[in-house]
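Here, residue 1 is the first one in the sequence, and each next residue gets the next number.
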Amino acid sequence: MSIMKKKKNRDELIGFQILQGLIICRHHQRRRRIRRLLPMLSAISGCLLLLFAVMSFLSPAIANPSRHLNTLMGGGSIGHDLWNSNQSNFFYGCSNASHEFLTAGMNTEPNRYLLIATSGGLNQQRTGIIDAVVAAYILNATLVIPKLDQYSFWKDTSNFSDIFDVEWFATSLSKDVKIIKQLPENVGKVITTRVPRKCDEQCYKTRILPLYIKKNVQAVELTKFDYRLSNRLDINLQKLRCRVNYHALRFTDPILEMGQKLVQRMRMKSKHFVALHLRFEPDMLAFSGCYYGGGEMEIKELSEIRKRWKNLHTKGPDKERRNGKCPLSPEEVGLMLRALGFGNDVHLYVASGEIYGGEETLAPLKALFPNFHTKETLASKEEMEEFSSYSARMAALDFIVCDESDVFVTNNNGNMAKILAGRRRYFGHKPTIRPNIKKLCRLFINQNNMTWEEFSSRVGTSQIGFMGEPNEVKPGSGVFHENPYSCICENSEAMEFGANKISKEDEDRSRGRYNGEVTDEVLSEEEQDLSELMEYTEYDYGFLKRV
């Protein structure tokens, strides 16, 4: 029994030794194979390093190389064609008058005239002109061609006829409202007054109509006429607003011709182009109370400009930024666009006045988008001579190029941004990008703590509902000029045909949340100043000069 046990133990030992030898043999064979592969692995690693170096060289550098986002290996993606809205074929602009809407011949009282004095910059005045036509219809009055603001800090002496085609304006609206160029000489006393902001139809009938009837006057002038009409009106009056805004207000031939030249020159450079309303002027930054890292000099310069608004309360820059009240810097706008998928080969048209910090501030944006253009770089001084002394005409040129762009990007929610957003919805839902500033600012604060891939993905997510898609703004939200929901109709045939092609993702994206509704509350004086500031597009005023 003992001999059998010893034999068994010996056999187990021999088996273990054989197994151990096989393992050692295989280990040595594997090491020999690895040694043979080392030259090949080294060559592959060298090629990968060389490829990475080439890609790093070709990708645009960020102004601050210490950031880990300084090499953009590609943009992020919003999940669809950057140059087109997903569901634009399903909607169209519709503003024709209904059969119940009285014509000018039936609605206008004889010897009743309405005069309007607009306020602000070009696009603020545009809102006043649009609303003036509606006010005249409500009051059953003949509208005298509105006066443009020549006395605010824009100091632009242009008349209505210098900016807009008067004959076209009057003729195209002749079925809705009777419009004349001048008040007849035999009209007696003119009462001058002002209506509250966001005054609705009943408000006009209660406050202004009695002036004609009880005081027995033929003419009433409404002054500082901006935002003097409610966003909430009968659908027929809203459609009248759209007929004025999108069809009757046409720029004069010289402005149209120069504007189209700028557009054609952009088209010659590229099939598609992006237009950016940058809004990074000194006055805008001063009013916002924001801080952009310029140290004591920035604080001193912007504080000096802030003295223009005597009642402007002191704001905390960090709090304002967290609340989404600060415009993005040029670099941040550029990073947002790259994260959304726009490459460095994209041609960028920038509509702006004097940029705070000048070329130094613009350098990061130009590094991200080297194909950088303005009206001054596209046209000669001789071509711009008849426009350059007039802020409204210069703003009109920017308006045309931004309107014709494939993608329009705004860095604020001012008058030009709102009007262009609405206009682009009406004429085919061309992409309009409004930065979701509150969410984006959080990303920029923490950008050094994430990879570029994570950053671009989160930018894309933040911008859902801010890309100009149909249905991203619920009806009744925002200013009507930005969201002309009463003038947008559904193309039922296209919707039926394409219903099966709309993915759930696209549907969710198009119904993104609207950030910051604007209702019909009365604006504070500070907000009125800000709305005027949003209009500023021009250049050489004393209070903007460097301290």
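From Glu376, atom CD reaches atom OG of Ser388 across 9.0 Å, with rounding to the nearest 0.5 Å. In this structure, CG in Leu278 is found 11.0 Å from CE in Met284, a value given to the nearest 0.5 Å. In this structure, CD1 in Ile437 is found 5.5 Å from CG in Asn411, a value given to the nearest 0.5 Å. Here the straight-line distance linking atom CD of Gln238 with atom CG of Leu233 works out to 4.5 Å at 0.5 Å rounding. In this structure, the separation between CD1 on Ile180 and OH on Tyr113 is 5.5 Å, given to the nearest 0.5 Å. Separating the OH atom in Tyr151 from the OG1 atom in Thr157 is a distance of 10.0 Å, to the nearest 0.5 Å.
Side-chain atoms of Lys439 and Asn436, non-hydrogen and from C-beta on, do get closer than 4.5 Å to each other. Within the 4.5 Å cutoff, side-chain heavy atoms of Gln260 are placed close to those of Ile400. With a 4.5 Å cut-off on side-chain heavy atoms, Phe444 and Ser329 do not count as touching. Residues Arg228 and Cys199 have side chains not in contact (no heavy-atom distance under 4.5 Å, counting atoms from C-beta outward). Using a 4.5 Å heavy-atom threshold, the side chains of Arg241 and Asp131 count as touching. By the 4.5 Å heavy-atom criterion applied to side chains, Thr223 and Thr192 are counted as neighbours. Counting heavy atoms from C-beta outward, Leu114 and Val144 have side chains that stay 4.5 Å or more apart. When side chains are defined from C-beta on, Leu222 counts as touching Tyr204, because their heavy atoms get closer than 4.5 Å.
The two residues Lys239 and Cys94 make their nearest non-hydrogen contact at NZ-O, 2.9 Å. The two residues Phe164 and Ile129 come nearest to each other via the heavy atoms CE1-CD1, 3.8 Å. The two residues Ile116 and Leu143 come nearest to each other via the heavy atoms CG1-CD1, 4.1 Å. Residue Arg306 comes nearest to Ser288 through the heavy atom pair NH1-C, 4.5 Å, listed as atom of the first residue, atom of the second, then distance. Of all heavy-atom pairs spanning Leu397 and Met258, the tightest one is CD2-CB, 3.7 Å. The minimum heavy-atom distance linking Ala286 with Leu302 is given by the pair CB-O, 3.5 Å.
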Q. What do the steps show when you test Leu340 against Gln463 for side chain to side chain contact (heavy atoms under 4.5 Å, CB included), and what is the final call?
A. CA-CA 9 Å; Leu340 290 174; Gln463 281 301 118; 4.1 Å; yes
Q: Show your reasoning for whether side chain to side chain contact (heavy atoms under 4.5 Å, CB included) applies to Leu440 and Glu332.
A: CA-CA 9 Å; Leu440 289 177; Glu332 289 170 340; over 6 Å; no
(Q) salt bridge (charged side-chain N to carboxylate O under 4.0 Å, His left out) for Glu257 and Lys261? Distances and angles first, verdict last. (A) CA-CA 6 Å; Glu257 289 169 7; Lys261 280 183 182 179; over 6 Å; no
Q) When you look at Leu337 and Ile433, which way does the side chain to side chain contact (heavy atoms under 4.5 Å, CB included) test go after all the steps? A) CA-CA 9 Å; Leu337 291 176; Ile433 300 175; 4.2 Å; yes
Q: Begin with the C-alpha distance, continue with both residues' side-chain angles, and end with the deciding distance and a verdict on side chain to side chain contact (heavy atoms under 4.5 Å, CB included) for Phe387 and Ile255.
A: CA-CA 8 Å; Phe387 308 100; Ile255 292 174; 4.0 Å; yes
Q.
Assess the residue pair Tyr356 and Tyr292 against the criterion (ring-ring contact (aromatic ring centres under 6.0 Å, His included)); give the C-alpha distance rounded to whole Å, side-chain angles, the decisive distance to 0.1 Å, and a yes or no.
A. CA-CA 10 Å; Tyr356 183 73; Tyr292 290 88; 8.3 Å; no
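Residue Lys178 qualifies as open at atom NZ: its count of foreign heavy atoms under 6.0 Å is 12 or below. Counting heavy-atom neighbours within 6.0 Å of Arg207 CZ, excluding the residue itself, gives a total of 12 or less. Within a 6.0 Å radius of CG in Asn186, other residues, nucleotides and ligands contribute more than 12 heavy atoms.
Cysteines Cys326 and Cys441 keep their SG atoms at least 2.5 Å away from one another.
Judged purely by atom type and a 3.5 angstrom limit, Ser85 uses its side chain to pair as donor or acceptor with the backbone of His429. For the pair Asn140 (side chain) and Glu109 (backbone), a donor-acceptor distance under 3.5 Å is absent. Judged purely by atom type and a 3.5 angstrom limit, Trp83 has no side-chain atom pairing as donor or acceptor with the backbone of Pro431. In this structure, Asn412 contributes its side chain and Arg279 its backbone to no donor-acceptor pair below 3.5 Å. Between the side chain of Asn123 and the backbone N or O of Arg126 there is no donor-acceptor pair closer than 3.5 Å. The backbone N or O of Asp162 sits nowhere less than 3.5 Å from a side-chain atom of Asn159 that would complete a donor-acceptor pair. Looking at Tyr390, its side chain never comes within 3.5 Å of a backbone N or O of Ile163 through a donor-acceptor pair. For the pair Arg425 (side chain) and Glu469 (backbone), a donor-acceptor distance under 3.5 Å is present. At distances below 3.5 Å, at least one donor-acceptor pair connects side-chain atoms of Asp149 with backbone N or O atoms of Gly120. Side chain of Arg112 to main chain of Leu139: a donor-acceptor pair is present (N/O by atom type, distance under 3.5 Å, no hydrogens or angles).
For the residue pair Glu490 / Tyr92, no side-chain donor-acceptor distance below 3.5 Å is found, with atom types taken as modelled. Side-chain atoms of Ser95 and Tyr426 include a donor-acceptor pair closer than 3.5 Å. Side-chain contact, Gln124 with Asp226: a donor N or O sits under 3.5 Å from an acceptor N or O. Side-chain contact of Thr171 with Glu167: a donor-acceptor pair under 3.5 Å is absent, judged by distance alone. No hydrogens or angles considered: a donor-acceptor pair under 3.5 Å links the side chains of Asn236 and Ser98. Side-chain polar atoms of Gln125 and Thr118 form a donor-acceptor pair below 3.5 angstrom. Between the side chains of Ser158 and Arg393, at least one donor N or O sits under 3.5 Å from an acceptor N or O. A side-chain donor-acceptor contact under 3.5 Å links Arg424 and Thr432.
Scanning for disulfide bond (SG atoms under 2.5 Å apart) contacts around Cys242 gives Cys487, with sequence neighbours left out. Among residues two or more places apart in sequence or in another chain, the ring pair (Phe, Tyr, Trp, His ring centres under 6.0 Å) test is passed with Tyr349 by none. Applying the side-chain hydrogen bond (donor to acceptor under 3.5 Å, both in side chains) criterion to Asp176, with sequence neighbours excluded, gives Arg243.
Between Lys205 and Glu201, at least one side-chain nitrogen of the basic residue sits less than 4.0 Å from a carboxylate oxygen of the acidic one, meeting the salt-bridge criterion. Using a 4.0 Å cut-off between charged side-chain N and carboxylate O, Arg232 and Asp200 make no salt bridge.
Between His277 and Phe408, the angle of the ring planes stays under 30°, which puts this pair in the parallel group of the 30/60° scheme.
Taking the six-membered ring for Trp and the full ring otherwise, the centers of Phe251 and Phe399 sit less than 6.0 Å from each other. Between Tyr137 and Phe101, the ring centre distance stays below 6.0 Å.
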